[in-house]
Protein chains: 2
Amino acid sequence: MPASPGQSSALDLRELKRVCSNCSLSELCVPMGLNRAEVERLDSVVEVSRSMHVGDHLFRRGDPMRSIYAVRSGMYKSYLINEEGEEQVIGFHLPGELVGLDAIYPDAHQCSVVALDTASACVLPFAQLSELAGDIPGLQRQIMRLLSKEISSLVPRAADSTAEQRMAAFLMDLARRLGERGYSATDLRLAMPRKDIANYLCLATETVSRVLKKFQTQGWIEVDRRDIRLLDPDALGQLAKDDQSD
Amino acid sequence: MPASPGQSSALDLRELKRVCSNCSLSELCVPMGLNRAEVERLDSVVEVSRSMHVGDHLFRRGDPMRSIYAVRSGMYKSYLINEEGEEQVIGFHLPGELVGLDAIYPDAHQCSVVALDTASACVLPFAQLSELAGDIPGLQRQIMRLLSKEISSLVPRAADSTAEQRMAAFLMDLARRLGERGYSATDLRLAMPRKDIANYLCLATETVSRVLKKFQTQGWIEVDRRDIRLLDPDALGQLAKDDQSD
DNA sequence: CGCTATTTTGAGCCGCGTCAATACGGGTGG
DNA sequence: CCACCCGTATTGACGCGGCTCAAAATAGCG
């Protein structure tokens, strides 16, 4: 078993207190828009979780809602198990993104979140966070902004009708989010198996395969197992919007 | 035609300042969990919009985000217009529900909201509301709760696969929300045309017709134009969950 | 009482899910 | 280094649900 790069025992107190101040993601994350003193107050309530591996859970559905989480590295998947025991994939989460926001209302997590590869996340104890938000208007505003952004991002899910549209929209969405976070917006490494993509898009895995194949044949993408290079993002973007292509 | 309960010309100042205190929906709405003094402070920033009619807009996509809105009576529809000029229905909003929550992040409304029948809504100027939230922890918590609830409610959209499942889930969702708000949970008056239902569920209007017909044939519902009576909610609930029926 | 929007009903077709078989790749042990 | 195994991914054949196109029935409205 490989050594985990961020295991909590290896963190000294000083490191622990510099979580947000030194994090390259702070511009995208909770601290955005706060001044130095405010970020340091935020630091004092944030912890970095130890490095997690494939299949490790950040939390599970039904867990009491103590914290929200900010992804630091790797990729997470959120999902539900329905009455028949089938998994339903809700979304994928990249560094800088928050998870657990849907748990504030009923005070319990509504979905489970699991690492798709080696990954880590910050832990933001919600009680302390919201107390701090009462003191710091900028923090309150940012939390509401992030909640609101989450709502906006969830809305367009149902829109695209055909398998090709959904796949194109999925790739473009992922590319955009990776690009916003400083990663390549054309060379994607999908951490999840086809089954998860299919489940997320409400398609069969076979359909995902076929559509990716077709995109490759069209010269729009280059597929090598879980590595996907976008050769013609415009074509994909066009497809995601309207259905006028073949 | 019944007198409109909330036309602004008929409201005197005292009435205007009693919006939340006297509102029967306050238990479901923003003031929930606040004490009397706090509700009165909230009162001071809330206005009741005048009565609106079919086709009147609460706001349109792109409008600067000045307020969020709480439905007082009637039903509203939120929608987007995509690049081809086609409408895409996002959701329907009942009394006690908030709309405009997705506009906090980019500071502009992301969708348009229009009255489906005679309807009215409260206007909550967001700047004043969030300032108040900094003072009143209970208010901050409630706003976050409502934002979080909105996220949770958006998640299951993509789940149901077949037309019958989606239709059943739609009816049950509407019935539940109406029931929570003191209306009948079995006698539904759909304010929207079939086209909107179809659009919302990503179905053809013909399919909506056929599915309603089938539900009626099964003895599960009774359809009289836009009035729908649920005769066997359990059957519908079962159908919405799994696909084991015919 | 005619006009128009909405809803319903019917016929035919196509996309995508299902089932089944094959190919690939990465890990393990000899 | 190769043989083997198993999970993931691909490819093909076929059937069905729901969309499209077309037309009739019904309701609301001037």
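Quick note: numbers below take in every heavy atom, side chains included, and nothing from hydrogens, waters or symmetry partners.
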Taking N and O atoms by type only, does the side chain of A:Glu164 place a donor or acceptor under 3.5 Å from a partner on the base of C:dC16?
no

When only distance counts, do a donor and an acceptor, one from the side chain of A:Arg210 and one from the base of C:dG17, lie under 3.5 Å apart?
no

[N] [atom2] sits how many Å from [X] [atom1], rounded?
X        : N      : atom1 : atom2 : value
B:Ile228 : C:dT7  : CD1   : C1'   : 12 Å
A:Asp227 : C:dG26 : CG    : P     : 11 Å
B:Leu116 : C:dA5  : CG    : P     : 19 Å
A:Leu203 : C:dT18 : CG    : P     : 11 Å

Between A:Thr205 and B:Lys213, name the one whose nearest nucleotide on DNA chain C is closer to the 5' end.
B:Lys213

Taking for each residue the nucleotide of DNA chain C bearing the nearest heavy atom, is the 5' side occupied by A:Arg225 or by A:Val211?
A:Val211

Please work out if A:Ala163 contacts a base, only the sugar-phosphate, or nothing of the nucleic acid, heavy-atom cut-off 4.0 Å.
sugar-phosphate

Side chains of B:Ser78 and B:His93, donor plus acceptor under 3.5 Å:
yes

Quick one: is B:Arg226 getting a side-chain N or O under 4.0 Å of the C:dT7 phosphate, OP1 or OP2?
yes

DNA chain D: 5'-most and 3'-most nucleotides touching chain A, 4.0 angstrom heavy-atom criterion
D:dT8 to D:dA13

Could you work out, with side chain to side chain donor-acceptor pair (under 3.5 Å) as the rule, every residue matching A:Arg189, not counting sequence neighbours?
A:Asp227

In residues 188-198 of chain A, what residues come within less than 4.0 Å of DNA chain C, judged by heavy atoms?
none

Under 4.0 Å between a Lys/Arg side-chain N and an Asp/Glu carboxylate O for A:Glu97 and A:Arg177?
yes

Using 4.0 Å as the upper bound for N to carboxylate O, is an ion pair formed by A:Arg210 and A:Glu206?
no

Of the options C:dC16, C:dT9, C:dC19, whose atoms approach the side-chain atoms of B:Ser209 most closely?
C:dT9

